[in-house]
> 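Have a look at this one before I ask anything.
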Number of protein chains: 2
Amino acid sequence: MFRGRYAHAIDGKGRVSIPSKFREVLNGRGQNTLMLTNDLWDPCLVAFPLDRWLEEEKKIQALPDLVREVRVYKRHFISGAQECSIDRQGRILIPPSLREFAQLNREALFVGLGDKFEIWSTDLWQPRPEDPEAILRVLQQYL
Amino acid sequence: MFRGRYAHAIDGKGRVSIPSKFREVLNGRGQNTLMLTNDLWDPCLVAFPLDRWLEEEKKIQALPDLVREVRVYKRHFISGAQECSIDRQGRILIPPSLREFAQLNREALFVGLGDKFEIWSTDLWQPRPEDPEAILRVLQQYL
DNA sequence: GATAAAGTGGGAAAAAGTGGGGAAGTTTGG
DNA sequence: CCAAACTTCCCCACTTTTTCCCACTTTATC
């Protein structure tokens, strides 16, 4: 499980170290690649272990192409994804298109979400939810 | 599987490099040609590996000619298709009619969609879906 | 404080992408 | 029917990006 938040520097070549805690999780599953994709709602990236991504992808591929919204969604979701391999120093190279999307310049914030994690530009990350009340209201429907 | 987005320059002769990741996929299937056609709903091109195209074509051929919309669909879809071979540098020459259709001038954006991919003029591509709310509503019906 | 682990930076080789020359083949116009 | 103009294709050369490797600094651990 990916937990916690870690800030790491992005070097001149666009590389970032994966937090060692996250790396352990991946190694535990015998994986040394990540599927990296842009989030659709917020300016951040989402990182999946490969197997986890394939599940997700399968679900989405199955949706009907004839529905316009589905097509747009697929287009953005699938095309956002790029496989990144982890180098011997435990880093990934963030593909330029994704780097640009999430405005990752100097520092990346790794945000654990359990089965996946997000990568934010430290500058864009908000330490607290902007509207905690709204969250409460919605959560009441589910919990 | 075609994934990711890659922007490549179009040179004076109308050639573009196919992203190496996409080329790998094609090589894996032992193919060095693409079937290129214009999309019907958006100003972009759609590229199929040959075998994938043949399936698609078969499906469409089977539709009933007696329905007006089907005829129009066939007319545009089938007649738009052109086979493009990949040269030794990993490029294709985009046929003028298609180039014009998708307004491909200076830069082409390759958009991976899994079993096929799209080619957009970078100028026309929208980094985010225009109506995320609508997409959410539709997705909720299916997921 | 010593040792190990994690994170950071950069150099060099390989791969990917880009641009252009020129031969072969097509089209256009006299 | 022939020549000029253009397009397509194949080749080579250059630039940029990516990958792989080594080394250094900082942080954590005992």
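First the proteins, then the strands, lettered A, B, ... as listed; each starts at 1.
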> Treating A:Asp11 as the side-chain partner and A:Lys13 as the backbone partner, does any N or O pair qualify as donor plus acceptor under 3.5 Å?
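Between the backbone of A:Lys13 and the side chain of A:Asp11 there is a qualifying donor-acceptor contact (under 3.5 Å).
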> Give the residues of residues 100-119 of chain B touching DNA chain C, defined as any heavy atom closer than 4.0 Å, sorted by residue number.
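Within this stretch, nothing sits under 4.0 Å of the strand.
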> Can you confirm whether B:Trp125 sits close enough to A:Ser79 that some side-chain heavy atom of one is under 4.5 Å from a side-chain heavy atom of the other?
yes
> Could you state the atom-to-atom distance from NE2 of A:His8 to C1' of D:dT27 in whole Å?
11 Å
> Got a donor-acceptor pair under 3.5 Å from the side chain of B:Lys13 to the base of C:dT18?
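Such a pair does not exist between side chain and base.
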> Hey, can you pull the residues of residues 82-97 of chain A with a non-hydrogen atom under 4.0 angstrom from DNA chain C?
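Residues of residues 82-97 of chain A under 4.0 Å from DNA chain C: A:Gln89, A:Arg91.
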> Does the side chain of B:Ser97 pick up a donor-acceptor pair with the side chain of B:Gln82 at under 3.5 Å?
yes
> Hey, is A:Glu56 close enough to A:Lys116 for a salt bridge, meaning N to O under 4.0 Å?
no
> Kindly state each residue pair satisfying salt bridge (charged side-chain N to carboxylate O under 4.0 Å, His left out) with at least one member in residues 133-143 of chain A, sequence neighbours excluded.
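Output for this query is empty, none listed.
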> Over how many whole Å does the gap from A:Tyr6 atom OH to C:dG7 atom P extend?
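Taking atom P of C:dG7 as the reference, OH of A:Tyr6 is at 9 Å.
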> Which atoms form the tightest heavy-atom contact between B:Ala108 and B:Ile119, and what is the distance?
CB-CG2, 3.9 Å
> Heavy atom of residues 15-22 of chain B under 4.0 Å from DNA chain C: which residues?
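Those residues are B:Arg15, B:Ser17, B:Ile18, B:Pro19, B:Ser20.
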> Among A:Leu93, A:Val46, A:Ile92, which residue satisfies the side chain to side chain contact (heavy atoms under 4.5 Å, CB included) criterion with A:Leu36?
A:Ile92
> Of all residues at least two apart in sequence or in a different chain, which pass the side-chain hydrogen bond (donor to acceptor under 3.5 Å, both in side chains) check with B:Asp123?
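Partners of B:Asp123 by the side-chain hydrogen bond (donor to acceptor under 3.5 Å, both in side chains) criterion, ordered by chain and then number, come out as B:Arg106.
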> Calculate the interatomic distance between B:Asp11 atom CG and C:dG17 atom C1'; express it in whole Å.
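The answer, rounded to whole Å, is 11 Å.
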> How do A:Ile10 and A:Glu24 order along DNA chain C: which one's closest nucleotide is nearer the 5' end?
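Here A:Glu24 is the residue nearer the 5' end.
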> Looking only at the side chain of B:Arg23 (C-beta and beyond, no hydrogens), which of the listed nucleotides D:dC9, C:dG17, C:dG7 gets closest?
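Taking heavy atoms from C-beta onward, the closest nucleotide is C:dG17.
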> Applying ring pair (Phe, Tyr, Trp, His ring centres under 6.0 Å), can you list everything that pairs with B:Tyr73, at least two apart in sequence or on another chain?
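Scan of B:Tyr73 (ring pair (Phe, Tyr, Trp, His ring centres under 6.0 Å), adjacent residues dropped) gives B:Phe77.
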> When the ring planes of B:Phe117 and B:Phe22 are compared, do they come out parallel, tilted or perpendicular, using 30° and 60° as the limits?
tilted
> So, for B:Glu118 and A:Arg75, which heavy atoms are closest and what is the spacing to 0.1 Å?
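In terms of heavy atoms, the two residues are closest at OE1-NE, 2.7 Å.
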